[in-house]
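For reference, the structure is listed below as structure tokens.
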Amino acid sequence: MSTWHEYVQKTGKVPEWPYPVDYGKINEIVCDVLVIGGGVAGLRAAISAARSGVKVAVLERGHAKRSGAGGAGVDHWHGAVTNPCSKVTPEMYTNACYDSMNGWTGGHVRYIITRESWDTLLECEKMGIQIRDVNDEFKGAVFRDEATKLMFAYDYRSRHVIRVWGFNIKPKIYEEARRLGVNIQNRMMPTALLTAGGKQGAKVVGATAVNARTGEFYVFKAKATVIATGGAGRLFDFAPEVTASGSMGNMNASGAGEALGWKAGAEFVCMEGSGPGRLTGYAYAPYSMANAHNTYHGAPIVDADGKEVPWVDAFNRPVKNVEGRFLPSEGQDFILGEGIGISRYAEQFRNNSLIYDLPERVRKGEFKLPLYADLTRLSEEERRCIFGMMVGNEGKTRIPVYDIMTKAGFDPDKDLFQAPVTMPEGYAHPNFWSTGVNTPPTVRSLGGGGFLTDWELRTNLEGLYVGAGGNLFGGGCHGESHTTGRYAGRHAAEYARTAPEAAVDRGQVEAERESAYTATRQSKGGNGWKEINAAIARIMRDYCGEYKNEQTLKLGLRLLNELKTTELASAYASNPHELGRLLECRSLITVGELAMKASLERKASNSMLDFHRIDYPQTDPPEWNKLLPMRQENDRVKVRELPLDFHLKAPYASGYEENYKKYSGA
Ligand SMILES: Cc1cc2nc3c(=O)[nH]c(=O)nc-3n(C[C@H](O)[C@H](O)[C@H](O)COP(=O)(O)OP(=O)(O)OC[C@H]3O[C@@H](n4cnc5c(N)ncnc54)[C@H](O)[C@@H]3O)c2cc1C
């Protein structure tokens, strides 16, 4: 029997739970470095720690071979500014990101990324990932360097974003981690970080987890721990039956890393930041419709009569030809390229794009819908590179988009590729497939905030490090996550080498075990995880949406607490999978509380954080131009103030290079 339907029709019943369940069993794993989250960042942390000779374990929610936002591939790698063709230095790139965000991003993290991104990519190459045009498929193309065979995206002059054949990147780094003897524990849901003496704010000595297949309990004893769980999806919206096929996100992303850290006493910044939930999945499957952004950057867009939509540069001046779409214009040193974890680009570094007033011109009838990508207007190399090399390697596009369309007969040499037909506002951004107009405006996603770390990517807690895109203040996307993971893993290993054996507090372990299984002991009439998740999302949308005030935030906190102590406390899990999902709901509530508490602390509106307090309408008053690091001490929120450029202030040196030399351990 090969399908669900065949099984049900033949046996007349649904399958039994297929794994032996033993909620009472306790397993203990002892390691030097524990990595929580086996995505690209987590596996790179594990690899760099294991290479330095320490014993490493990975605790992963899914299966590390393909899990995470980076599990399905990547087509372009950002920030590789030290590659031999680059005209950009780490300082230039870091300052461009930092200045674009008016300082609201971790400058030290950005610098670490740009110093080590190229080295990290070279290691990928050694693991079997193709990063050059070794088969000379694009020989002579303007975006290729003949000597190194590297190929570039976005900015063909400055050459720091590298096009890669990354469809197999996750399996390859997974194999490397396995080869190095990393103990990868898949299908795990962590419940808590363990701390010395079980105390909040003390040294981190491991974690507890439940296996979401067998239900067994795990105690990980570790001298150092790296958090790399990615972001917090499902917080503002939960409707997988509606949105799953189009979702950019990862179903397992429940903000677990943040929740673990907050409970243990780690410090966070900018958790009050959020943005429109453009990528939540109400639109179209990623990259499955015509557009002119990211993977499709530079694609000519035409209207129903074949009239081409013009391009403009960052200063709204016409870009005259196709080549110009990939070059900095007058007044620009270089173009940063999009998808690097910042929400605003200063004009000096911004992309060329389709005309900004396209929605208005569609409304007036100047461009007739539907719009199409007409790839025939590109050079042959550019066309094959976009619909071929890039769509063939980008996350979630190799099979669902490239393979299916090609087998169905789509030929970019002669066919037009249709864009979504939607409201004119849907064409305001060239990423048409993720058009925000389909997503309810109340749906937001957290953005920009995360764990506050030092120059070693260590948190305020001894033994706790953070790598990864979503979890780290200053983190970015794919290449950035490999790079910070690798760096955090290196430092965690260095710490673990001289740290004493981890001593876990038995009382803390027992308390965790007791609370982890509550849902298996409840009445079968209790709510299920989906209802709880939907309720969390509703509370977040209503009480922590785009516009907030003190009353709504306090009400939101009350409602989250009521949900936790009533519906969640009496929710029922009929198997370890449901138990895992309910434990994720616990994480989601914690992250929601963290966002609301951070929102209460910032008594001013802030444009960079897209943060709007109706009761404090003044936007960006100078006295609030500061970070507000938050942590818990004895379960009470403690807030302090920190200048945006803290990473270049005492006890640190005033220059990036000097700090890097002192702290990188490279
Ligand atoms: C379709 C798509 C295309 C993309 N294309 C690009 C691109 O071309 N270039 C680019 O720069 N970026 C791209 N990105 C973004 C990039 O993939 C992410 O920024 C990157 O994967 C983040 O890496 P990470 O390791 O921090 O998180 P992830 O890759 O998401 O990994 C997080 C890991 O943590 C695990 N986890 C989650 N919760 C738990 C828990 N409770 N316990 C244990 N483990 C947990 C997850 O299962 C996962 O394995 C793309 C993303 C998508 C979705």
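As the structure is a computational prediction, the values presented were derived from the model and not from experiment. All ligand and atom numbering here is 1-based and tracks the order in the structure.
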Side chain to side chain contact (heavy atoms under 4.5 Å, CB included), paired with Thr483, selected from Arg44, Glu116, Arg115: Glu116
Ligand 1 contact on Ala228 by region, counting heavy-atom pairs under 4.0 Å: backbone
Considering only heavy atoms of His78, which atoms of ligand 1 have at least one such atom less than 4.0 Å away? 11 (O)
What are the atoms of ligand 1, with element, lying closer than 4.0 Å to any heavy atom of Met189? 41 (N)
Before signing off on this row, confirm whether Arg61 and ligand 1 have an N or O atom pair separated by under 3.5 Å. yes
Please work out, at 4.0 Å between heavy atoms, whether the side chain, the backbone, both, or neither of Val40 comes within that distance of ligand 1. both
Is there a polar contact, in the sense of an N or O pair closer than 3.5 Å, between Tyr287 and ligand 1? no
Tell me whether the NZ or CZ atom of Arg144 lies within the 45° cone about the ring axis of Phe152 and under 6.0 Å from its centre. no
Taking the cut-offs as 6.0 angstrom to the six-membered ring centre and 45 degrees off its axis, would you call Arg163 and Phe143 a cation-pi pair? yes
Quick check: Gly70 and ligand 1, any N/O pair under 3.5 Å apart? yes
Considering the options Trp262, Phe268, Tyr465, which one meets the ring pair (Phe, Tyr, Trp, His ring centres under 6.0 Å) requirement together with Phe451? Phe268
Pairing donors with acceptors under 3.5 angstrom, does anything connect the side chains of Thr191 and Thr208? yes
So, does Ser158 use its side chain to make a donor-acceptor pair with the main chain of Asp155 at under 3.5 Å? no
Here the atoms of ligand 1 under 4.0 Å from any heavy atom belonging to Ala468 are 26 (O)
What I want to know is whether Ser67 and ligand 1 share at least one N or O pair that is separated by under 3.5 angstrom. yes
For ligand 1, find out whether one of its N or O atoms is nearer than 3.5 Å to an N or O atom of Asn294. no
Show the atoms of ligand 1 that are less than 4.0 angstrom away from any heavy atom in Gly469. 26 (O)
Are a donor atom and an acceptor atom from the side chains of Lys396 and Ser288 found within less than 3.5 Å of each other? no
Can you list the ligand 1 atoms lying under 4.0 Å from a non-hydrogen atom of Pro190? 40 (C), 41 (N), 42 (N)
Would Ile36 count as being in polar contact with ligand 1, using the rule that some N or O on each side must be under 3.5 angstrom apart? no
Could you tell me whether some N/O pair between Asn252 and ligand 1 is separated by less than 3.5 angstrom? yes
Based purely on interatomic distance, does Lys396 place a nitrogen or oxygen under 3.5 Å from a nitrogen or oxygen of ligand 1? no
Regarding His78 and Glu480, is there a side-chain donor-to-acceptor distance under 3.5 Å anywhere? no
Side-chain donor or acceptor of Arg398 paired with backbone N/O of Gly392 under 3.5 Å: yes
Atoms of ligand 1 close to Val74 [distance to a heavy atom under 4.0 angstrom, numbered from 1]: 7 (C), 8 (O), 9 (N)
First locate atom CD1 of Ile36, then atom CZ of Arg61, and finally report the distance between them rounded to the nearest 0.5 Å. 13.5 Å
What atoms of ligand 1 come closer than 4.0 angstrom to any heavy atom of Gly68? 28 (P), 29 (O), 30 (O), 31 (O), 48 (C), 49 (O)
Name the one of Asn533, Leu594, Leu560, Leu235 that satisfies side chain to side chain contact (heavy atoms under 4.5 Å, CB included) with Ile589? Leu560
Short side-chain donor-acceptor distance under 3.5 Å, Glu258 and Asn471: yes
Short N or O distance, Glu60 and ligand 1, threshold 3.5 Å exclusive: yes
Closest heavy-atom approach to atom 28 (P) of ligand 1 among Ala212, Ala69, Ala256, Gly37 is made by Ala69
Does any N or O of ligand 1 fall below 3.5 Å from an N or O anywhere on Gly39, backbone included? yes
Out of Gln185, Arg187, His76, Glu394, the nearest non-hydrogen contact to atom 3 (C) of ligand 1 is supplied by Glu394
Would you mind running through ligand 1 and noting each atom that sits below 4.0 Å from a heavy atom of Asp75? 8 (O)
Donor-acceptor pair, side chain of His297 and main chain of Arg325, under 3.5 angstrom: yes
